[in-house]
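Structure record follows, encoded as structure tokens.
Throughout, residue positions are numbered sequentially from 1 according to the sequence presented.
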Amino acid sequence: MPGLEDLYREIILDHYRTPRNRGELPTPPASRADGHNPLCGDEITVFVQVDDGVVTDVKVSGQGCSISQSSASMMTQAVKGKSLDEVRALVRRFKGMMSIESDDDSPMPEVSLGDLEALQGVVKFPVRIKCATLAWNTLVEAVENA
Ligand code: ZN
């Protein structure tokens with residue numbers, strides 16, 4: 001029987017090989033942000049369409065390592081159709097899983113990470129954490145630009 005680590009590796013590879021919501025959105029009405037992780041060479045552009053406080057569409061383009069690209073693919077799946085409040089909760093929860101300190105000391109929001117759980121093993125490799133969080137930081141920037 002495959003272990004949890006094998007399952008996680010499969011999920012990451014699946015999103016890397018078959019990225020979801022790949023492409024671009026017209027700006028405007030969508031907004032965009034560019035993210036770069038110089039430590040690894042990862043580049044990600046996030047396009048986000050926000051209508052009445054809801055992320056109605058999101059697309060990602062760019063290139064980089066399997067962690068950065070699969071995290072971006074999972075991120076698009078996780079935030080599409082969510083309200084900005086839900087997106088903020090998800091960002092905080094994901095960064096919490098990545099052991100990133102927050103100055104927000106309110107209780108951690110109870111939101112499901114779904115496939116994103118597969119990235120929790122990345123915490124063991126601190127240099128890769130920036131790969132995993134790149135899409136999320138870029139998403140936050142794109143939403144701020146909206
Ligand atoms: Zn990387």
Side-chain angles (χ1 to χ4, degrees), residues 4-5 7-16 18-40 42-146:
L4 197 54
E5 287 207 9
L7 175 67
Y8 284 168
R9 196 171 305 124
E10 267 316 301
I11 294 173
I12 290 169
L13 282 177
D14 177 52
H15 279 272
Y16 180 54
T18 317
R20 321 298 200 264
N21 301 300
R22 189 94 187 151
E24 302 187 355
L25 292 174
T27 53
S31 62
R32 67 174 277 175
D34 299 297
H36 182 214
N37 172 20
L39 287 175
C40 183
D42 307 315
E43 285 174 7
I44 280 173
T45 300
V46 174
F47 296 84
V48 67
Q49 175 72 41
V50 178
D51 297 297
D52 295 327
V54 173
V55 174
T56 50
D57 205 359
V58 55
K59 293 226 186 286
V60 163
S61 65
Q63 55 197 359
C65 70
S66 59
I67 300 292
S68 68
Q69 302 303 308
S70 62
S71 179
S73 170
M74 294 182 210
M75 178 276 285
T76 63
Q77 269 195 325
V79 304
K80 201 168 172 177
K82 295 263 186 358
S83 72
L84 292 181
D85 279 349
E86 289 171 314
V87 168
R88 273 187 277 272
L90 202 56
V91 168
R92 192 160 160 241
R93 182 91 165 67
F94 182 74
K95 288 193 168 188
M97 185 176 83
M98 289 291 130
S99 302
I100 293 168
E101 302 277 335
S102 160
D103 43 14
D104 183 350
D105 53 9
S106 63
M108 191 54 87
E110 291 285 330
V111 283
S112 165
L113 287 172
D115 279 0
L116 291 160
E117 301 258 4
L119 289 167
Q120 63 183 248
V122 171
V123 181
K124 283 183 271 179
F125 309 97
V127 71
R128 309 306 298 279
I129 291 176
K130 281 199 159 62
C131 302
T133 55
L134 177 65
W136 295 82
N137 292 331
T138 312
L139 169 75
V140 168
E141 231 180 279
V143 166
E144 277 167 9
N145 293 340

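With sequence neighbours left out, the side-chain hydrogen bond (donor to acceptor under 3.5 Å, both in side chains) criterion links Arg93 to no other residue. Evaluation of the side-chain hydrogen bond (donor to acceptor under 3.5 Å, both in side chains) rule for Gln77 yields no partner, not counting sequence neighbours.
Within the model, atoms NE2 of His36 and OG1 of Thr45 stand 11.0 Å from one another, a figure rounded to the nearest 0.5 Å. Taking CD1 of Ile44 as the start and CG of Leu139 as the end, the distance is 10.5 Å to the nearest 0.5 Å. Here the straight-line distance linking atom CD1 of Ile100 with atom CH2 of Trp136 works out to 11.5 Å at 0.5 Å rounding. Atom CE of Met98 is separated from atom CD1 of Ile129 by 6.5 Å, given to the nearest 0.5 angstrom. Expressed to the nearest 0.5 Å, how far CD1 of Ile12 lies from CG of Leu7 amounts to 10.0 Å. For the atom pair CG (Asp115) and OG (Ser70), the distance works out to 10.0 Å, reported to the nearest 0.5 Å.
For the residue pair Phe47 and Leu25, the shortest heavy atom distance occurs at CD2-O, 3.3 Å.
For the pair Ser71 (side chain) and Ala132 (backbone), a donor-acceptor distance under 3.5 Å is present.
A side-chain donor-acceptor contact under 3.5 Å links Asn137 and Lys95.
Screening residues 25-39 for salt bridge (Lys or Arg N to Asp or Glu O under 4.0 Å), with sequence neighbours left out, gives Arg32-Asp34. Listed by first then second residue, pairs satisfying side chain to side chain donor-acceptor pair (under 3.5 Å) with a partner in residues 22-31 read Arg22-Gln69, not counting sequence neighbours.
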For residues 58-67, tabulate all N or O donor-acceptor pairs below 3.5 Å that involve a side-chain atom, not counting sequence neighbours.
none

Could you list the donor-acceptor pairs under 3.5 angstrom formed by side chains in residues 48-57, with sequence neighbours left out?
residue	atom	partner	partner atom	Å
Gln49	OE1	Ala30	N	3.3
Gln49	NE2	Asp51	OD1	3.2
Asp51	OD2	Thr56	OG1	2.6
Thr56	OG1	Gln49	O	3.3
Asp57	OD1	Lys80	NZ	3.3

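Under the 4.5 Å side-chain criterion, counting only non-hydrogen atoms from C-beta, Met74 is in contact with Ile11. Side-chain contact between Val111 and Arg92 is absent, with no heavy-atom pair separated by less than 4.5 Å.
Contact check on Asp42 versus Arg128 returns no salt bridge, with no Lys/Arg side-chain nitrogen under 4.0 Å from an Asp/Glu carboxylate oxygen.
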Practice problem: List the steps, then state whether side-chain contact (heavy atoms from CB on, under 4.5 Å) holds for Glu5 with Arg9. | Solution: CA-CA 6 Å; Glu5 287 207 9; Arg9 196 171 305 124; 4.1 Å; yes
